[in-house]
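Below is one structure, written out as structure tokens; comments come after it.
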Amino acid sequence: MCCVFRDALLQTSVGTSDSLTSCSLSISWNQSDHFPLISGISTHRTRIKSMFYHAYNSYLDNAFPYDELRPLTCDGQDTWGSFSLTLIDALDTLLVLGNQTEFQRVASILQDTVDFDIDVNASVFETNIRVVGGLLSAHLLAGRAGMELEPGWPCSGPLLRMAAEAARRLIPAFQTPTGMPYGTVNLLHGVSPTETPVTCTAGVGTFILEFATLSRLTGDPTFEDVARRALTALWKTRSDIGLVGNHIDVLSKKWVAQDAGIGAGVDSYFEYLVKGAILLQDEELLNMFHAYDAAIQNYTRFDDWYLWVQMHKGTVSMPIFQSLEAFWPGLQSLLGNLDSAVRTFQNYYSVWRQFGGLPEFYSIPQGYTVDKREGYPLRPELIESAMYLFRATGDHTYLQLGLDALESIEKVSRTPCGYASVKDLRDHQLDNRMESFFLAETIKYLYLLFDPTHFLHGGGMEGDGSWEEGGEGGQCVLGAGGFIFNTEAHPLDPAALYCCSRHSKERQELRDALLSLSHPKKKAGSQSKPADERAGEPPQSQSESIALKPGEKKTLPTLSCPVQPFSARLSVLGQVFSDNS
Ligand code: DMJ
């Protein structure tokens with residue numbers, strides 16, 4: 001009983017017993033070995049909480065229901081849509097910080113106020129990672145937050161329905177000849193006829209975590225199908241030397257920007273291949289990542305920096321480091337590539353120390369910022385990597401980065417109304433913007449860095465007793481297999497996916513059996529293929545799919561997906577998934 005590719009992961013693991021060695025982030029962690037050395041760890045957590053509430057309360061007081069707070073003018077603005085984005089993005093952070101009552105209050109405000117039936121052009125990528133991801137995560141944490149749960153949770157529930165509703169509005173973007181989505185969709189009218197077909201690589205390949213979660217919780221395969229079709233199409237466009245570029249035409253499959261690297265425009269595509277492999281126990285996704293990684297290591301890596309190269313020739317096109325690339329050491333540590341992760345982290349940390357933050361672009365040969373890219377919009381990536389690496393190594397260097405980040409952000413970015421993006425790290429000029437990822441990611445990862453026994457670190461053996469029961473009769477054991485963070489730091493629970501999809505399979509078998517009794521000639525199972533077998537096929541036509549036509553309202557199915565028996569025995573130490581034995 002184990003993850004299907006556990007051995008492959010173990011082979012690449014070079015860490016000590018503190019390393020991440022299983023598919024589920026479960027580690028063996030001896031608190032007493034490490035924590036006496038960490039003075040003031042709870043003081044740091046208290047400071048991080050007060051940073052959160054300074055920004056959060058100010059958003060509620062001055063900006064809600066707009067998407068974002070403007071921290072210099074103390075008001076709000078819509079940015080990525082018009083759905084109170086900061087509140088959706090920050091919801092699960094409330095629970096991470098232990099605030100159940102506010103989580104409950106906000107979850108119910110969002111149910112009452114957020115409407116996706118709006119004439120707004122929204123980014124397909126951002127809406128997915130922030131809105132769909134945020135709602136899914138809040139749905140999965142609702143039990144732990146003490147919310148009243150409807151029968152059938154976690155396979156049904158109001159926040160899950162909201163997440164599905166938001167995702168349904170994105171589906172028209174995927175209805176292209178290639179299956180690769182447009183970058184922007186109108187939530188009411190679908191894709192505009194004048195919409196550009198040019199999308200960034202991450203905008204094509206960053207859906208599998210949220211969409212497979214939706215499919216497996218609700219039993220509706222459409223979401224996972226479209227995400228997989230986009231992934232398959234993207235995979236087929238890689239160059240002869242195994243690299244992908246930065247922007248692609250989703251109608252013609254032509255690469256429009258041919259810079260290959262691990263940063264802006266590409267980053268979360270690679271992240272989702274690895275995390276999708278872990279969440280879904282999907283060896284094919286892991287193999288894709290390994291193939292890319294071989295080419296990345298071969299062509300783009302120099303002295304543990306990662307440069308940008310021409311995707312067909314492998315020649316260096318931009319010798320720069322981008323702050324978005326700082327997620328990479330964390331991803332490497334998930335795969336057990338600790339030596340390499342540690343060295344790359346040190347490079348990036350040296351840039352942080354030079355400027356007190358990570359500039360958007362940093363010229364590696366010049367050792368300095370790049371013109372017009374000197375800002376630090378309070379991004380989380382280096383802190384995210386520090387969290388994973390501290391978990392994997394116990395090395396206090398990563399806590400030191402956390403402290404540096406805390407001090408810099410307080411000193412440079414704090415305003416009477418929140419925290420402002422840094423426009424220029426050289427003179428500390430500020431921008432009137434606080435992106436929603438500051439509360440969703442930056443604060444969350446900082447807090448988790450200083451709380452190594454938090455339930456979100458997984459394992460089921462530590463801290464507050466890390467799993468909960470769900471569903472009728474408490475037969476669904478949740479949270480014990482660790483959590484996978486989406487690219488906006490919204491945790492997803494693999495055990496819930498397993499629990500709900502297994503039940504929906506049993507229901508399908510029952511339906512097939514009943515059908516074969518009433519229509520003996522029809523072959524049982526012919527009604528619906530498993531999602532895996534459908535990968536690569538064109539999506540269902542609009543009339544068959546759950547995508548709404550403009551103006552159409554979705555009626556909910558009478559049957560929600562209740563839970564099925566799930567043995568606690570299978571979920572200890574995170575080894576929950578792929579085997580029924
Ligand atoms: C977030 O929205 C996500 O982490 C995304 O993958 C990249 N950009 C920001 C944070 O920097």
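Start at 1 and go down the list; that is how both ligands and their atoms are numbered. The structure presented is a predicted model; accordingly, all values stated were derived computationally and were not measured.
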Taking only heavy atoms of [X] into account, list the atoms of ligand 1 that are under 4.0 Å away from them.
X: P380; answer: 10 (C), 11 (O)
X: T487; answer: 3 (C), 4 (O), 5 (C), 6 (O)
X: L324; answer: 7 (C), 8 (N), 11 (O)

Measure up the [X] and [Y] rings against each other and bin them: parallel (under 30°), tilted (30 to 60°), perpendicular (over 60°).
X: W235; Y: Y292; value: perpendicular
X: F174; Y: F207; value: perpendicular
X: F289; Y: W328; value: tilted

Using the six-membered ring of Y349, assess whether NZ or CZ of R353 lies under 6.0 Å from its centre and within 45 degrees of the ring axis. yes
Using a 4.0 Å heavy-atom cut-off, say whether [X] meets ligand 1 through its side chain, its backbone, both or neither.
X: E435; value: neither
X: R130; value: side chain
X: T206; value: neither

E284 atom CD, over 12 foreign heavy atoms within 6.0 Å: no
Could you tell me whether R379 and ligand 1 have an N or O pair separated by under 3.5 Å? yes
Please compare E271, E384, E488, E381 and report which has the shortest non-hydrogen distance to atom 10 (C) of ligand 1. E381
W80/F125 aromatic ring centres below 6.0 Å: no
